Amino acid sequence: IPLNDLTPMNSRASVPYESNSLFANIPPEQLGEERLIHSEVSFETGEIIFEEGDPPDFCYLVGSGSVHITKLLPGGQTERLATLGPGDFFGELALYDASRRSARAAAAMPTRLARLDATAFDRLRQIAPLQITSTLADRAIERMRVTNETLIFELAAVGWLSRIGTEIGTLAHNLRSPFATIHSAAD
């Protein structure tokens with residue numbers, strides 16, 4: 001399927017695949033008529049796109065709908081890492097380094113996705129190496145900021161932030177006094 005021939009299904013909001021943020025830094029003439037899209041798929045609300053630990057297969061471009069990215073925590077709880085909508089992409093890290101999926105992706109509502117397989121993803125990296133690297137770095141920084149904000153908020157909400165600060169203060173004090181460190185270790 002040519003990149004510029006795709007039109008996602010109609011929904012509350014949709015973004016043509018060629019306008020996906022994965023391609024944001026790549027001039028259209030640099031892509032030309034490359035056939036990057038492997039296929040289009042649709043998912044209903046709650047349907048699993050991939051599970052944490054699955055082998056890498058595709059990078060996904062959200063055309064319409066939304067996707068929850070979640071992580072399984074010790075004890076069996078799940079933590080939502082992100083909710084992605086039209087124009088976003090996900091699953092690129094597994095293709096970038098051929099690693100297993102680090103999280104689960106599931107449709108949060110009826111969702112339409114385009115898929116790039118490993119060959120197309122590698123081709124994209126050949127066509128526009130600096131641009132795709134810049135896009136992936138920008139996305140990683142954005143995701144890290146959101147994760148940090150969430151972590152700080154959650155730690156503060158349960159009082160752990162002040163406990164961590166107290167423990168670090170105690171550790172710093174003890175490191176200044178070797179005798180106190182030995183005494184603490186003996187306790």
Side-chain angles (χ1 to χ4, degrees), residues 1-9 11-43 48-71 79-109 111-153:
I1 301 173
L3 182 63
N4 55 8
D5 285 350
L6 293 175
T7 306
M9 71 178 193
S11 74
R12 290 176 217 147
S14 63
V15 171
Y17 296 124
E18 66 269 11
S19 299
N20 188 280
S21 60
L22 182 63
F23 307 119
N25 296 322
I26 305 171
E29 62 275 4
Q30 198 166 349
L31 284 175
E33 291 297 316
E34 287 293 328
R35 294 181 179 270
L36 298 173
I37 304 299
H38 177 272
S39 58
E40 292 180 79
V41 290
S42 296
F43 293 89
I48 305 302
I49 300 163
F50 58 74
E51 288 283 0
E52 184 174 340
D54 281 355
D57 52 2
F58 300 102
C59 171
Y60 295 86
L61 311 180
V62 182
S64 63
S66 65
V67 175
H68 289 312
I69 307 296
T70 59
K71 180 80 174 162
E79 179 73 24
R80 186 180 313 161
L81 303 176
T83 299
L84 306 174
D88 286 327
F89 62 91
F90 63 97
E92 75 285 355
L93 294 179
L95 293 183
Y96 193 82
D97 64 2
S99 61
R100 294 200 167 268
R101 299 292 184 182
S102 60
R104 168 193 257 192
M109 61 188 304
T111 300
R112 182 107 172 161
L113 306 171
R115 303 189 303 185
L116 277 73
D117 63 13
T119 302
F121 190 76
D122 287 343
R123 180 71 184 127
L124 183 60
R125 290 172 60 191
Q126 291 170 358
I127 295 168
L130 296 176
Q131 295 90 337
I132 199 69
T133 300
S134 175
T135 297
L136 296 178
D138 290 347
R139 183 55 51 103
I141 290 166
E142 178 184 323
R143 289 175 181 168
M144 190 179 306
R145 281 192 179 125
V146 169
T147 300
N148 286 344
E149 288 175 19
T150 302
L151 178 63
I152 295 299
F153 178 79

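Everything quoted here is computed from the prediction, not taken from an experiment.
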Exercise. Do side-chain atoms of Asn20 reach the backbone of Asp88 as a donor and acceptor pair under 3.5 angstrom?
Worked result: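 Checked: pair present.
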Exercise. Does any N or O in the side chain of Ser21 come within less than 3.5 Å of the main-chain N or O of Gly87, such that one atom is a donor and the other an acceptor?
Worked result: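 Yes; judged by distance alone, with no hydrogens or angles, the pair exists.
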According to side chain to side chain contact (heavy atoms under 4.5 Å, CB included), who are the partners of [X], at least two apart in sequence or on a separate chain?
X	value
Ser102	none
Ala106	Ile48
Thr83	Ser66, His68, Arg80
Gln30	Ile26, Pro27, Ile127, Ala128, Gln131

What are the two closest non-hydrogen atoms of [X] and [Y], and how far apart are they?
X	Y	answer
Ile69	Ala105	CD1-CB, 3.7 Å
Gly65	Pro86	O-CD, 3.2 Å
Ser99	Asp97	OG-OD1, 2.6 Å

Exercise. Do Thr135 and Phe89 pass the side-chain contact (heavy atoms from CB on, under 4.5 Å) test, and can you show the C-alpha distance, the side-chain angles, and the key distance before you say yes or no?
Worked result: CA-CA 11 Å; Thr135 297; Phe89 62 91; 4.0 Å; yes
Problem set entry | Qualifying residues under side-chain hydrogen bond (donor to acceptor under 3.5 Å, both in side chains), relative to Glu29, sequence neighbours excluded |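 Applying side-chain hydrogen bond (donor to acceptor under 3.5 Å, both in side chains) to Glu29 gives none.
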Spacing of [X] atom [atom1] and [Y] atom [atom2] [to the nearest 0.5 Å]:
X	Y	atom1	atom2	answer
Leu130	Asn25	CG	CG	10.5 Å
Leu84	Thr111	CG	OG1	10.0 Å
Asp117	Ile37	CG	CD1	10.0 Å
Arg104	Lys71	CZ	NZ	12.5 Å

For this session: May I ask you to check whether Arg112 and Ser64 show a side-chain donor-acceptor distance below 3.5 Å?
Result: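 No - no donor-acceptor pair under 3.5 Å links their side chains.
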Do the non-hydrogen side-chain atoms of [X] and [Y] ever get within less than 4.5 Å of each other?
X	Y	result
Ile132	Tyr96	no
Glu142	Asp138	no
Phe90	Phe50	yes

Please tabulate, for side-chain N and O atoms in residues 56-63, each donor-acceptor pair with protein atoms closer than 3.5 Å (sequence neighbours left out).
from, atom 1, to, atom 2, distance (Å)
Asp57, OD1, Arg101, NH2, 2.7

Problem set entry | Worked verdict on Val67 versus Phe43 for side-chain contact (heavy atoms from CB on, under 4.5 Å) | CA-CA 10 Å; Val67 175; Phe43 293 89; over 6 Å; no
